[in-house]
Amino acid sequence: MKSSSIQHPASRRYFTFIWLIFTLSLLTSCSNSNTSSRDHEVFRYNEQYQISTLDPAFARNPSIIWPVNQLFNGLVQLDNDLNVVPDIAKSWEISDDAMTYTFTLRDDVFYHKHEQFKTPDSTRKVVAEDFVYSFDRLTDDRVASPGGWVLGNVESYQATNDSTFTIQLTKPFPAYLGLLSMRYCSVVPREIVEHYGSEFRSHPIGTGPFKFKRWEEGVKLVFRKNELYYEKDEEGNALPYLEAVAITFLPDKQSEFLQFAQGNIDFLNSLDPSYKDELLTSSGSLREKYQDDVNMVKSPHLNTEYIGFFLGSDTPEVQSELLRKAVNYGFDRQKMITYLRNGIGEPAVHGFIPKGLPGYEKIEGYGYDVTLSRKLIQQYIQETGDTEPQLTIGTNSQYLDICEYIQRELQKAGLDIKIEVMPPSTLRQMKSSGELDAFRASWIADYPDAENYLSLFYSKNFTPNGPNYTHFSDAEFDQMYKASLSINDVEERKKLYAKMDSLAMSKAPIVPLYYDEVVRFTRKNISGFTPNAQNFLVLKRVKKSR
């Protein structure tokens, strides 16, 4: 007989409480032992997930992108309004056919100091050849970077001289400048990477506003101010303002919240179910007891949450456009946001392209109309003779409450919804391989162009060759998608994007749920911490008062 591995709930709560007290006392003692007169210049945050690398060639998710963003720079960067602005490239020219990009580099960008540079001051200036080397790494099989796809449309690149770097595309791609702002495209020094080999992951040398100091994996990561950083503020003061950044790795969100409440970390990113009701009222306002110590900022996030239908399925209910539309009309998105998300987010009633992204238009999507939903279900029953239609939605536990809400609402209209709960990794795998008739998913923009969202409906992007998880296919949509790639005028491209979004929604391959919002909670002594729609962590202009 197998011994039982089930713990009594009271025992689990006692163990969790003891572990939490031990962790907090350990953190407090460590904090006290390192307290200094400059502690107010250290920005502290917690990363729930462990990170495996600080090499920008592997910056594929926010837990890695956030710290990497403090250490490295690329040719261009995005401002808080998602406009492409200069970074190491001070200017650029694009050829008339939109195929050739010529970048002119600054001459005052230096790497963080390291003895391997073999110069009197242990550093050197960034030159165009460094970008050749950095881009080569992305497509090197020995490196195996997940970011190689950003060069998929690149025919060649070269350093004409130390200050000129040229990229030649295989075909026009208007969103390409935005793509270059990704951390995959950061510049790294050959001599340091070759010195450390695979251990560059834990010995990063870049050009960013902060430089690597110490990493006790799974415990703490520390960056210090880069005294060589090139950027200055509007008054000519050197950036960054902070002296250091300290990152902890508490895996438990409740522990993270306690640390924030006690003032031991400076901000919380997003709203976790474990503490959302403690911080916010049901209408989404900050509770009165926190208003003197905490600031809350909300802004659009380039993330659309949705339910997708796998149209390659043989299941009749999935193949039915009537039932797919019935699901779209069958629940109140505003009520869902108000009661399940404390008012965070906006109902996705205007298509797939999220609010905050150029290309978002208030196209006609799906509002709440239970009468129409019921009518569409009855029409399906009459046409097919299937008197008990049923759909199964795959999800993970984090979104179970939303799926259960949709389940209850659709049952009122006459459609039976089953829910399969699975681990996130299983959900991702089954979604990609077409093993789920319907699945809960989200799409966060890789770069700030609506093409990134519309690519999910392009027929040549069927998974596993691209992000078209629904296997939606429409000849008219494909024609417009290809045409949009050759339109350089942003306003003209936006008009075509709106038509594409409208066409896709009319066929109902997905059920848009809500356009997400970035929600950040900071201590009152933090300033200059401006949110952005990609939810990037930008600390170079942050100040922390005593």
Side-chain angles (χ1 to χ4, degrees), residues 54-57 59 65-80 82-94 100-114 117 119 121-138 145 147 150-151 154 156-168 175-193 200 204-212 223 225-233 236 238-240 447-448 532 534 536-541:
L54 293 170
D55 185 339
I65 293 172
W66 280 19
V68 163
N69 200 45
Q70 317 313 317
L71 300 173
F72 295 92
N73 295 87
L75 289 165
V76 297
Q77 59 185 319
L78 300 177
D79 65 15
N80 289 327
L82 303 183
N83 298 307
V84 178
V85 296
D87 197 356
I88 295 178
K90 63 182 180 181
S91 63
W92 55 84
E93 293 181 0
I94 304 173
T100 305
Y101 291 68
T102 303
F103 298 90
T104 301
L105 308 188
R106 299 178 64 102
D107 62 0
D108 58 352
V109 181
F110 290 83
Y111 287 110
H112 303 153
K113 290 185 177 182
H114 193 283
F117 282 122
T119 60
D121 49 2
S122 298
T123 185
R124 71 166 174 82
K125 186 170 62 176
V126 173
V127 295
E129 191 62 39
D130 290 324
F131 280 99
V132 174
Y133 173 73
S134 301
F135 281 28
D136 282 348
R137 292 185 75 231
L138 296 181
S145 165
V150 302
L151 300 178
V154 174
S156 63
Y157 45 85
Q158 63 174 334
T160 306
N161 52 49
D162 282 354
S163 61
T164 307
F165 181 67
T166 303
I167 299 175
Q168 179 72 35
Y176 196 69
L177 274 178
L179 199 68
L180 290 175
S181 71
M182 298 181 70
R183 285 286 66 103
Y184 289 134
C185 301
S186 301
V187 69
V188 297
R190 176 192 294 267
E191 53 266 67
I192 305 299
V193 176
F200 183 68
I205 294 294
T207 59
F210 297 92
K211 59 185 178 182
F212 176 78
F223 302 149
K225 179 178 184 176
N226 173 20
E227 67 280 1
L228 301 178
Y229 192 58
Y230 81 89
E231 281 193 277
K232 292 178 170 55
D233 66 14
L239 298 177
Y447 45 90
N532 55 78
Q534 285 192 300
F536 282 172
L537 188 68
V538 181
L539 298 177
K540 60 191 175 186
R541 293 180 180 270

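Residues Val538 and Gln77 have side chains not in contact (no heavy-atom distance under 4.5 Å, counting atoms from C-beta outward). The closest side-chain heavy-atom distance from Leu78 to Asn532 is not below 4.5 Å. Residues Ser163 and Asp107 have side chains not in contact (no heavy-atom distance under 4.5 Å, counting atoms from C-beta outward). Considering only heavy atoms from C-beta on, Lys113 stays 4.5 Å or farther from Lys211 through its side chain. In this structure, Leu180 and Phe103 have side chains that are in contact, with non-hydrogen atoms separated by less than 4.5 Å. Looking at heavy atoms from C-beta onward, Pro56 lies in side-chain contact with Val68 at the 4.5 angstrom threshold. Between Pro189 and Arg124 there is a side-chain heavy-atom pair separated by less than 4.5 Å. Between Phe210 and Asn226 the shortest side-chain heavy-atom distance does not fall below 4.5 Å.
Here the side chain of Thr102 pairs no donor or acceptor atom with the backbone of Thr166 at under 3.5 angstrom. Ser134 places a side-chain N or O within 3.5 Å of a backbone atom of Val188 that can act as its donor or acceptor partner. Not one N or O on the side chain of Thr164 forms a donor-acceptor pair closer than 3.5 Å with the backbone of Asn161. In terms of modelled atom types and a separation under 3.5 Å, the side chain of Asp130 and the main chain of Val127 share a donor-acceptor contact.
Partner Val84 forms a side chain to side chain contact (heavy atoms under 4.5 Å, CB included) with one of Asp79, Leu179, Val76, Leu75 and no other, that one being Val76.
Scanning all heavy atoms of the two residues, the minimum distance from Arg137 to Ala57 falls at NH1-CB, 3.8 Å. In plain terms, the two heavy atoms of Ala175 and Tyr447 that are nearest each other are CB-CE1, 3.9 Å.
Distance CD/Glu191 to NE2/His114: 10.0 Å, rounded to 0.5 Å. Atom CD1 of residue Ile167 and atom CG of residue Leu177 lie 8.5 Å apart, to the nearest 0.5 angstrom. Summarising the geometry, atom CD belonging to Gln158 is positioned 9.0 Å from atom CZ belonging to Phe165; distances are rounded to the nearest 0.5 Å. The line from CZ of Phe72 to OG1 of Thr207 is 8.0 Å long, rounded to the nearest 0.5 Å. We find the CG-OG distance between Asp136 and Ser145 to be 12.0 Å, quoted to the nearest 0.5 Å. In this structure, the separation between NE2 on His112 and CD on Glu227 is 8.5 Å, given to the nearest 0.5 Å.
Of the N and O atoms on the side chains of Tyr230 and Asn73, not one donor lies less than 3.5 Å from an acceptor on the other residue.
For Asp87, the salt bridge (charged side-chain N to carboxylate O under 4.0 Å, His left out) test picks out no residue, with sequence neighbours left out.
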**OP:** For the pair Ile205 and Phe212, evaluate side-chain contact (heavy atoms from CB on, under 4.5 Å) and give the outcome as yes or no after the intermediate values.
**Re:** CA-CA 7 Å; Ile205 294 294; Phe212 176 78; 5.9 Å; no

**OP:** Test Phe131 against Ile88 for side-chain contact (heavy atoms from CB on, under 4.5 Å), laying out the working first.
**Re:** CA-CA 10 Å; Phe131 280 99; Ile88 295 178; 4.0 Å; yes

**OP:** Begin with the C-alpha distance, continue with both residues' side-chain angles, and end with the deciding distance and a verdict on side-chain contact (heavy atoms from CB on, under 4.5 Å) for Ile94 and Tyr176.
**Re:** CA-CA 11 Å; Ile94 304 173; Tyr176 196 69; over 6 Å; no

Original post:
How far apart are the C-alpha atoms of Leu537 and Gln70, what are their side-chain angles, what is the distance that settles it, and do they pass the side-chain contact (heavy atoms from CB on, under 4.5 Å) test?
Top reply: CA-CA 8 Å; Leu537 188 68; Gln70 317 313 317; 4.0 Å; yes

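Ring planes of Tyr157 and Phe135: perpendicular class, angle over 60° (limits at 30 and 60°).
Taking a cutoff of 4.0 Å between a charged side-chain nitrogen and a carboxylate oxygen, Lys125 and Asp162 do not qualify as a salt bridge.
Ring to ring, Phe117 and Phe110 are not that close: their centroids are 6.0 angstrom or more apart.
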